[in-house]
Amino acid sequence: MTPAYASPAPVSPALARKLHREITTWYDDAQRDLPWRRPDCSPWGVLVSEIMLQQTPVVRVLPRWSEWMSRWPGPADLARAPVADVLRAWDSLGYPRRALRLQAAARAIVDQHDGRVPADHGTLLDLPGIGAYTAAAVAVFAFGDRQTVIDTNIRRVHARAVTGTALPGKTLTAAQTRLADQLMPRDRELSVRWNQAVMELGALVCTARSPKCGECPVATDCAWLAAGSPPPVDSPTGQRWHGTDRQVRGAVMAVLRSAQSAVPEEWLTVAREVNMPPGSDPGVDRPLEKLLALEAPEDQRRRAVDGLVSDGLAVRTAAGLTLP
DNA sequence: AACTCGTGGGC
DNA sequence: TGCCCAAGAGT
């Protein structure tokens, strides 16, 4: 009986060892000098970087991470910070509830783990905002554990080099997890470098668009290249961004971050012809104009505001909306 | 399993 | 310009 699910062809130990050698050797020279990779970076610094890097490019994270770490060097520092300060420090990194969850994780670390970042994968998984990827990443990069790290870069490298497809698809499959496990070096220290190296290869060379196959250390092993670099099978187009609740939420959050005082809710929900607010609150004018310029009806704006309130990203007061 | 949740840069 | 993408998590 053939199982109903597709099982990946096993990777020969010889090929696996060749990939380990070629990619980790490449990494020794090519790796970027990122602050959260330095030996003196604390586990907390690694955790903060991993949360910020969720769906957010490295170049945008770098300055925010540095400010964040000098302001809140440890979990206890962040745990006692005002939420509004946290959301303003998050700035425009996007997905601001990550900032809320990071602070919730800091409080859990203080309350339940004596103020120290847990080293155990399962314990990390229980913290808010930490899923399978981030738990593995912290266990590996902060504590040198042997865990299989699977992010979008690693999935793409595996898809091309081993499976022979251009892109891995949107969701992580069980077959991809099995393949990643198969490819993991048995040796703990090598496995740590392997995780780092494959991720870096995906970020710098084996990129989603215009991969630099001429610079790839495993070009001669690559199943996708050998197959003639077939184009990706087109995936269903996702939701448009223009005119969505998300766009409105983002614009409202930008107003609240820049506001010195509560913002009347009508300013945030009116669709057109607003009496532009008096310039008494310098800084809000620009984000307020951007919000107003969006093509979104009032009911959508109200829905977006309600969503922010129910997510704890904003609070209603008598004077209007503010950060928590 | 399919959706939601921000933001800005590249092509 | 419009679309795709970036060290995902939670529901």
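These numbers come from the heavy atoms of this one structure, side chains and all, not from hydrogens, waters or symmetry mates.
Side-chain atoms of A:E200 lie closest to C:dA7 of the nucleotides B:dC5, C:dA7, C:dA6. Out of B:dT4, C:dA6, C:dA7, the shortest distance to the side chain of A:R97 is found at B:dT4. Distance from the side chain of A:R101 is smallest for C:dG10 among the nucleotides C:dA6, B:dG6, C:dG10.
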Expected rows: protein N/O vs nucleotides 9-11 of chain B N/O, under 3.5 Å:
none

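Counting to the nearest Å, the C1' atom of B:dT4 and the CZ atom of A:R303 are 13 Å from each other. Going from atom CG of A:L87 over to atom P of B:dT7 covers 11 Å, rounded to whole Å. Distance, A:H242 NE2 to B:dT7 P: 16 Å, rounded to whole Å. Regarding A:Y95, its OH atom lies at a distance of 9 Å from the P atom of B:dC5, rounded to whole Å. Atom P of nucleotide C:dA9 and atom CG of A:D151 are separated by 10 Å, given to the nearest angstrom. Distance A:Q247 CD to B:dG8 P: 12 Å, rounded to the nearest Å. Atoms CG (A:L201) and P (C:dA7) sit 12 Å apart, rounded to a whole Å. Between the P atom of C:dA9 and the CG atom of A:L53 lies a distance of 12 Å, rounded to the nearest Å.
Using P as the reference atom, B:dT4 and C:dC4 are 16 Å apart when rounded to the nearest Å. Rounded to whole Å, the C1' atom of B:dC5 lies 16 Å from the corresponding atom of C:dC5.
At C:dG8, none of the side-chain N or O atoms of A:Q54 fall inside 4.0 Å of OP1 or OP2 (strictly under the cut-off). Distances shown here put a side-chain N or O of A:S92 below 4.0 Å from the OP1 or OP2 atom of B:dG8. Contact check, A:R64 against B:dG8: no side-chain N or O comes under 4.0 Å of OP1 or OP2. Contact annotation: A:R249 side-chain N/O to B:dG6 OP1/OP2 distance is under 4.0 Å.
For the pair A:R88 and A:D91, the salt-bridge criterion is not met [side-chain N within less than 4.0 Å of a carboxylate O]. Taking 4.0 Å as the cut-off between side-chain N and carboxylate O, A:D311 and A:R249 count as a salt-bridged pair. A salt bridge links A:R302 with A:E298: the closest approach of a Lys/Arg side-chain nitrogen to an acidic carboxylate oxygen falls below 4.0 angstrom. With respect to A:E200 and A:R37, a salt bridge is recorded, a charged nitrogen being found less than 4.0 Å from a carboxylate O. Contact check on A:D187 versus A:R146 returns no salt bridge, with no Lys/Arg side-chain nitrogen under 4.0 Å from an Asp/Glu carboxylate oxygen.
In summary, the side chains of A:E50 and A:Y133 do present a donor paired with an acceptor at a separation below 3.5 Å, with no hydrogens or angles considered. Side-chain contact of A:R246 with A:Y95: a donor-acceptor pair under 3.5 Å is present, judged by distance alone.
Of the residues in residues 29-42 of chain A, those lying under 4.0 Å from DNA chain C by heavy-atom distance are A:R32, A:L34, A:W36, A:R37. Of all the residues in residues 125-134 of chain A, A:P128, A:G129, A:I130, A:G131, A:A132, A:Y133, A:T134 reach under 4.0 Å from DNA chain C with at least one non-hydrogen atom.
Between the side chain of A:T56 and the base of B:dG6, at least one donor-acceptor pair of N or O atoms lies under 3.5 Å.
Across all strands, A:G250 comes closer than 4.0 Å only to sugar-phosphate atoms, never to a base (heavy-atom distances). Among the protein residues, A:A208 comes within range of the sugar-phosphate backbone only, with heavy atoms under 4.0 Å from sugar or phosphate atoms but none that close to a base. A:T207 comes within 4.0 angstrom of nothing in the nucleic acid, heavy atoms only.
Contact between A:W65 and A:C41 at its shortest, heavy atoms only, is CZ2-SG, 3.9 Å. Smallest separation of non-hydrogen atoms from A:T171 and A:Q176: O-OE1, 4.0 Å. Pairing each heavy atom of A:R155 with each of A:L172, the nearest pair is CD-CD1, 3.4 Å.
Taking the six-membered ring for Trp and the full ring otherwise, the centers of A:W90 and A:W68 sit less than 6.0 Å from each other.
Residue A:R71 qualifies as enclosed at atom CZ: its count of foreign heavy atoms under 6.0 Å is above 12.
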Working note: A:R316 + A:D306, criterion salt bridge (Lys or Arg N to Asp or Glu O under 4.0 Å); need CA distance, chi angles, decisive distance, verdict.
CA-CA 10 Å; A:R316 284 185 224 272; A:D306 288 343; 2.5 Å; yes
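Map A:T171 and A:W241 each onto its nearest nucleotide of DNA chain B; the residue landing nearer the 5' end is A:T171.
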